[in-house]
Undergrad: 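Quick one: the structure is below, questions incoming.
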Amino acid sequence: MTPPSACPYHLHSWGRAGDPPVLLLHGFTGHGGSWAEAGQTFAAAGFHVLAPDLLGHGSSPHPGESTRYEMACAAADLNLLLDATCSEAVHLAGYSMGGRLALFFALSYPDRVRTLCLVSASPGIAAATERAERRDSDNALADRIERDGIAAFVDYWESLPMWESQQQSLSVRQRGQLRAQRLRNRPDGLANSLRGMGTGAQPVLLDELPSLALPTLLIVGAEDEKFVAVNRQMAQRIPGAQKVVVLGAGHAVQLERPKKFARAALDFWQVSGDSRATA
């Protein structure tokens, strides 16, 4: 499913149009299809689930200008996508990079969001020196992806300590499928995504969190110590925020503990007033 040319994102969907809409945003190196298990679960519970391939990922375009990937542009794209696909406010959920974008979108287009669910997300890096170091690191990695190619990058990416928990939580088959999906990305798309929407490049949203006036759920894996701390800080700043720490999960909670993730989201939507979230 491809939205109009004004927002040419490739779109995955589950469920029936007209049911309460859910918009799911994937993480770096992922694609909308990464949400298939959650999408099917939410559709069975009575929701219409939309999951785009973000720019530079999957089957969506991979523009050559890194500025095209910036948060403000990506959020405007999502606004156009919702213009084309649904007329009511969405239950918005995002993971990691997609969580950072979901937070920016909710702050920029609050009328389009019914509830917000952030999985292993952050509001950006507040310290200027640390932010500049991360931006330089992301840019260096982007150059490396373009120089060495996607296979070498995926080898490096999968060796990072943040994925160690997946050795126990995902089967050999699941890890193989995840690797194959990562390898289908284009080097220029991933590189420009890092340059335009990496953690070092994104606007810092920490001081804007108290203005987030909508039901918000923060989900993080217990084994992801860095993001447990980040989300503790976010929960203190977002009015009425709920936080769920999932045992036995690292960074990719929705992949490592999919049933616990789906149950947390459905329970949250039910408490937030959506009578369909009962399955």
Side-chain angles (χ1 to χ4, degrees), residues 1-4 7-62 69 71 74-106 109 112-121 174 177-178 180-182 184-185 189-190 193 197 217 219 251-259 261-262 264-266 268-269 274 276-277 279:
M1 181 178 181
T2 303
C7 179
Y9 283 23
H10 182 76
L11 189 62
H12 306 255
S13 64
W14 299 270
R16 299 177 303 176
D19 283 343
V22 172
L23 181 64
L24 304 177
L25 306 180
H26 65 78
F28 183 64
T29 77
H31 71 138
S34 305
W35 293 102
E37 184 168 355
Q40 292 164 5
T41 299
F42 297 154
F47 293 91
H48 182 212
V49 183
L50 307 171
D53 295 350
L54 299 176
L55 280 190
H57 293 76
S59 298
S60 284
H62 41 89
Y69 297 73
M71 284 283 183
D77 284 346
L78 294 178
N79 190 48
L80 289 173
L81 185 150
L82 293 179
D83 282 343
T85 55
C86 60
S87 59
E88 60 183 294
V90 299
H91 294 289
L92 176 60
Y95 157 65
S96 198
M97 178 189 77
R100 293 187 286 109
L101 175 56
L103 176 59
F104 186 93
F105 183 83
Y109 301 92
R112 304 224 72 152
V113 182
R114 182 169 183 174
T115 66
L116 179 64
C117 175
L118 303 178
V119 184
S120 304
Q174 287 173 313
Q177 291 173 332
L178 184 57
Q181 178 267 304
R182 286 171 170 155
R184 286 194 289 271
N185 286 304
L190 294 186
S193 179
M197 201 162 58
L217 173 66
I219 300 178
H251 194 64
V253 179
Q254 78 288 356
L255 293 180
E256 298 180 45
R257 294 290 181 262
K259 292 182 180 178
F261 161 71
L266 289 169
F268 170 61
W269 295 337
D274 202 319
R276 305 250 186 149

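Worth knowing before you read on, the calculation uses all heavy atoms, side chains too, and leaves out hydrogens, waters and symmetry mates.
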Undergrad: Tell me, with the steps shown, if Trp269 and Val22 meet side-chain contact (heavy atoms from CB on, under 4.5 Å).
TA: CA-CA 10 Å; Trp269 295 337; Val22 172; 3.7 Å; yes
Undergrad: Once salt bridge (charged side-chain N to carboxylate O under 4.0 Å, His left out) is applied, do any residues pair with Arg257, and if so which ones, sequence neighbours excluded?
TA: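 Applying salt bridge (charged side-chain N to carboxylate O under 4.0 Å, His left out) to Arg257 gives none.
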Undergrad: State, to 0.1 Å, how close Pro52 and Leu23 come at their nearest heavy-atom pair, and which atoms those are.
TA: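 Smallest interatomic distance, heavy atoms only, reads CD-CD1, 3.8 Å.
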Undergrad: Taking atom OG1 of Thr115 and atom NE2 of His91, what is their separation to the nearest 0.5 Å?
TA: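 With rounding to 0.5 Å, OG1 (Thr115) is 5.0 Å from NE2 (His91).
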Undergrad: Distance from Arg100 atom CZ to Met71 atom CE, nearest 0.5 Å?
TA: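 The distance works out to 4.5 Å.
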Undergrad: Quick one: pull up CG in Asp77 and CG in Leu54 and give me the separation to the nearest 0.5 Å.
TA: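 Result: 9.0 Å between the selected atoms.
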Undergrad: Looking at NE2 of His10 and NE2 of His57, how far apart are the two atoms once the value is rounded to the nearest 0.5 Å?
TA: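 Result: 14.5 Å between the selected atoms.
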Undergrad: Passes side-chain contact (heavy atoms from CB on, under 4.5 Å), Leu78 versus Leu101? Steps please.
TA: CA-CA 10 Å; Leu78 294 178; Leu101 175 56; 3.8 Å; yes
Undergrad: Taking the side chain from Asn185 and the backbone from Gly58, do they hold a donor-acceptor pair closer than 3.5 Å?
TA: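 Yes; judged by distance alone, with no hydrogens or angles, the pair exists.
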Undergrad: Looking at every heavy atom in both Arg182 and Thr29, which two are closest together, and how far apart are they?
TA: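 Shortest heavy-atom separation between Arg182 and Thr29 comes out as NE-OG1, 3.4 Å.
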Undergrad: Considering non-hydrogen atoms only, spot the tightest contact between Cys117 and Ile219 and give its length.
TA: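 Minimum heavy-atom separation between Cys117 and Ile219: SG-CD1, 3.7 Å.
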Undergrad: Quick one, Leu55 with Tyr9, criterion side-chain contact (heavy atoms from CB on, under 4.5 Å). Give me CA distance, side-chain angles, the key distance, then yes/no.
TA: CA-CA 7 Å; Leu55 280 190; Tyr9 283 23; 3.5 Å; yes
Undergrad: For Ser96 and His251, what are the C-alpha separation, side-chain angles and deciding distance, and is it a side-chain hydrogen bond (donor to acceptor under 3.5 Å, both in side chains)?
TA: CA-CA 8 Å; Ser96 198; His251 194 64; 2.9 Å; yes
Undergrad: Of the non-hydrogen atoms in Ala17 and His48, which two are nearest, and what is the gap between them?
TA: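 Shortest heavy-atom separation between Ala17 and His48 comes out as CA-ND1, 3.5 Å.
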Undergrad: Any chance you could measure Leu25, atom CG, to Phe105, atom CZ, to the nearest 0.5 Å?
TA: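 Here the rounded value is 8.5 Å.
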Undergrad: Please report the shortest heavy-atom distance between Asp83 and Arg112, naming the atom on each side.
TA: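 Looking at all heavy atoms of both residues, the shortest contact is OD1-NH1, 2.5 Å.
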Undergrad: Does Phe42 have its ring centroid less than 6.0 Å away from the ring centroid of Trp35?
TA: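 Not under 6.0 Å, so no.
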Undergrad: So His12 and Trp14, would you call those rings parallel, tilted or perpendicular, with 30° and 60° as cut-offs?
TA: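 Rings of His12 and Trp14: parallel, under 30°.
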Undergrad: Which heavy-atom pair separates Gly99 from Leu118 by the least distance, and what is that distance?
TA: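 Taking every non-hydrogen atom into account, O-CD2, 3.4 Å.
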Undergrad: Between the main-chain N or O of Glu37 and the side-chain N or O of Thr41, is there a donor-acceptor pair closer than 3.5 Å?
TA: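 Indeed, once roles are kept as given, a pair shorter than 3.5 Å links the two residues.
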Undergrad: Which distance, rounded to the nearest 0.5 Å, do you find between the CZ of Arg184 and the OG of Ser59?
TA: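 Reported value, rounded in 0.5 Å steps: 9.0 Å.
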